[in-house]
Amino acid sequence: MANVEPQSQPASHKSAAAPVSYRRREMQRALRSMVASRWALVGMIILTAAAFIAIFGPLLSPMDPNRQNIMMRLLPPMAEGPRGATFWLGSDHLGRDVLSRLLYGARVSLLVGMAAIVVGGSIGTLLGLISGYFGGWIDDVIMRLGDIQLAFPFILLAIMFLVVLGPGLVNIILVLGIGQWITYARIVRAQTLSLREKEYVEAARAMGDGLFSILFRTILPNIVAPLTVIASFNVASVILSEAALSFLGLGVPPTVPTWGSMLSESRDHLLSNKWWLAVFPGLAIVLTVLAFNIIGDWLRDFLDPRLKERS
């Protein structure tokens with residue numbers, strides 16, 4: 001008994017330390033890959049800054065984003081306001097501070113982008129797993145529903161549903177999320193069709209694992225990598241869609257500042273040399289979307305198993 005205990009402790013310690021060591025190596029490899037690509041590092045810096053602004057926007061905002069002052073309307077950037085206040089990025093047609101609205105708008109745009117991806121990714125992943133694993137008429141029904149949705153322009157469907165449901169943060173998240181499900185469903189279905197015949201899935205069935213365990217503990221972990229890449233690209237497209245819908249007046253309520261609504265409000269002043277009304281929210285959208293696309297390209301290369309041995 002005395003000889004067995006000292007041998008069992010290092011073995012358990014080694015098995016517990018192995019996953020930690022593997023995760024540490026993967027994090028180090030990801031950091032080296034991101035620094036080596038440079039553009040991925042720039043994209044991560046932009047996304048980190050956008051997330052920081054979205055979280056701490058109310059603390060960083062110099063003014064109330066909805067406070068109107070007609071006497072201070074259409075002031076250029078760096079203009080002085082009452083009581084020594086400075087409109088760093090100018091003011092809009094109602095005298096509201098552009099910088100404050102830009103900071104608050106980051107929260108809405110990122111929230112809509114991330115939440116819509118969670119909704120669409122969850123629905124699409126679940127339906128893709130079911131479709132690929134069972135096949136048959138279940139597969140036909142799910143895929144034909146996706147084909148019907150793809151047959152209509154998404155922006156027209158979104159406008160139709162938002163006209164019926166009305167503008168609102170929850171409604172636009174649901175509409176944009178449901179519009180993304182077919183992308184995830186097709187990818188997950190294709191991966192599940194090939195994985196369901198693998199030896200480890202057959203072994204899980206032989207050991208008596210239930211359907212939930214096979215789908216979510218055996219198959220799903222092996223298709224997380226492509227889903228992560230697709231999600232990073234889709235966040236950018238959802239942010240653009242939210243901006244387009246807000247531009248048309250079908251996004252969140254007018255009292256909630258968003259980058260798309262700021263662009264919409266600048267339409268009547270583009271020809272009057274009030275460039276700051278459109279440039280700053282447009283630049284915020286461009287940089288955020290570009291950063292997500294860059295991160296998506298980097299993730300595609302980083303998660304490619306053929307390139308892991310080279311890094």
Side-chain angles (χ1 to χ4, degrees), residues 46-47 49-51 53-54 57-58 60-70 72-79 87-117 153-163 166-169 171-173 175-176 179 234-293:
I46 294 175
L47 291 184
I53 291 173
L60 301 174
S61 176
M63 303 180 187
D64 185 348
N66 291 320
R67 183 178 180 180
Q68 303 178 12
N69 189 344
I70 302 300
M72 297 291 111
R73 65 189 301 268
L74 299 177
L75 292 178
M78 305 301 295
F87 291 87
W88 298 103
L89 300 182
S91 62
D92 63 5
H93 64 292
L94 295 177
R96 298 171 297 189
D97 183 40
V98 172
L99 175 59
S100 300
R101 294 180 63 79
L102 201 67
L103 295 176
Y104 273 82
R107 171 176 295 185
V108 177
S109 296
L110 291 181
L111 174 62
V112 170
M114 301 301 294
I117 291 305
F154 169 70
I155 192 67
L156 295 181
L157 286 176
I159 291 174
M160 180 183 68
F161 281 110
L162 287 175
V163 167
L169 186 61
N171 290 341
I172 195 170
I173 289 175
V175 169
L176 293 177
N234 277 1
V235 171
S237 65
V238 169
I239 291 177
L240 285 177
S241 298
E242 184 274 329
L245 292 172
S246 296
F247 186 85
L248 297 174
L250 296 173
V252 297
T255 56
V256 180
T258 66
W259 294 340
S261 63
M262 293 176 68
L263 282 176
S264 177
E265 294 166 355
S266 69
R267 286 179 297 179
D268 299 331
H269 305 281
L270 291 178
L271 300 180
S272 58
N273 201 26
K274 303 300 186 293
W275 55 268
W276 60 89
L277 298 178
V279 167
F280 293 121
L283 187 61
I285 294 174
V286 168
L287 289 177
T288 304
V289 171
L290 180 62
F292 273 112
N293 285 330

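Only heavy atoms go into these numbers, but all of them, side chains included; no hydrogens, no water, no symmetry mates.
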Scanning both residues in full, the closest heavy-atom pair of His93 with Glu265 reads CE1-CB, 3.9 Å
Examine distances only and state if a side-chain atom of Ser100 and a backbone atom of Met63 form a donor-acceptor pair shorter than 3.5 Å.
-> yes
CD1/Ile155 to CG/Leu162 distance, rounded to the nearest 0.5 angstrom?
-> 8.5 Å
Straight-line distance of Trp88 CH2 to Met78 CE, nearest 0.5 Å | 4.5 Å
With Leu110, the side chain to side chain contact (heavy atoms under 4.5 Å, CB included) member among Ile239, Val235, Ile53 = Ile239
Minimal non-hydrogen separation, Pro62 against Asp97, with atom names = CG-OD2, 3.4 Å
Flag, side chain of Trp259 to backbone of Leu102, donor-acceptor distance under 3.5 Å | yes
So, the side chain of Ser241 versus the backbone of Ser237: is there a donor-acceptor pair under 3.5 Å, distance only?
-> yes
Would you please test Val112 and Thr258 for side chain to side chain contact (heavy atoms under 4.5 Å, CB included) and show each step?
-> CA-CA 10 Å; Val112 170; Thr258 66; over 6 Å; no
Nearest-0.5 Å distance that lies between atom CD1 in Ile172 and atom CD in Glu242 | 5.0 Å
Side-chain contact test, heavy atoms from C-beta onward, threshold under 4.5 Å: evaluate it for Ile46 versus Leu290 and give yes or no.
-> no
Got a sec: does the CZ of Phe161 have more than 12 other heavy atoms crowding it under 6.0 Å?
-> no
Between Gly113 and Val238, what is the shortest heavy-atom contact and its length?
-> CA-CG1, 3.7 Å
Once you round to the nearest 0.5 Å, how far does CG of Leu283 lie from OG1 of Thr288?
-> 9.0 Å
Roughly how far, to the nearest 0.5 Å, is CG of Leu94 from CZ of Arg73?
-> 7.5 Å
Going by heavy atoms in the side chains, are Tyr104 and Val256 under 4.5 Å from each other?
-> no
Kindly give the heavy-atom pair with the smallest separation between Leu89 and Leu99, and that separation in Å.
-> CD1-CD1, 3.7 Å
Steps toward side chain to side chain contact (heavy atoms under 4.5 Å, CB included) verdict (Phe292, Leu47) | CA-CA 7 Å; Phe292 273 112; Leu47 291 184; 3.6 Å; yes
How close do Trp276 and Val98 get, heavy atom to heavy atom, and via which atoms?
-> CD1-CG2, 4.3 Å
So, Arg107 side chain and Ala54 main chain: donor-acceptor pair closer than 3.5 Å or not?
-> yes
Check Val108 against Pro257 and note the closest heavy-atom contact, atom names and distance.
-> CG2-O, 3.8 Å
CD1 (Ile173) and CD1 (Ile117) are apart, to the nearest 0.5 Å, by 11.5 Å
Is the backbone of Leu74 close enough, under 3.5 Å, to the side chain of Ser91 for a donor and an acceptor to pair up by distance?
-> yes
Can you check whether Leu263's main-chain N or O pairs, donor with acceptor, with Ser266's side chain at less than 3.5 Å?
-> yes
Taking the side chain from Arg101 and the backbone from Pro65, do they hold a donor-acceptor pair closer than 3.5 Å?
-> yes
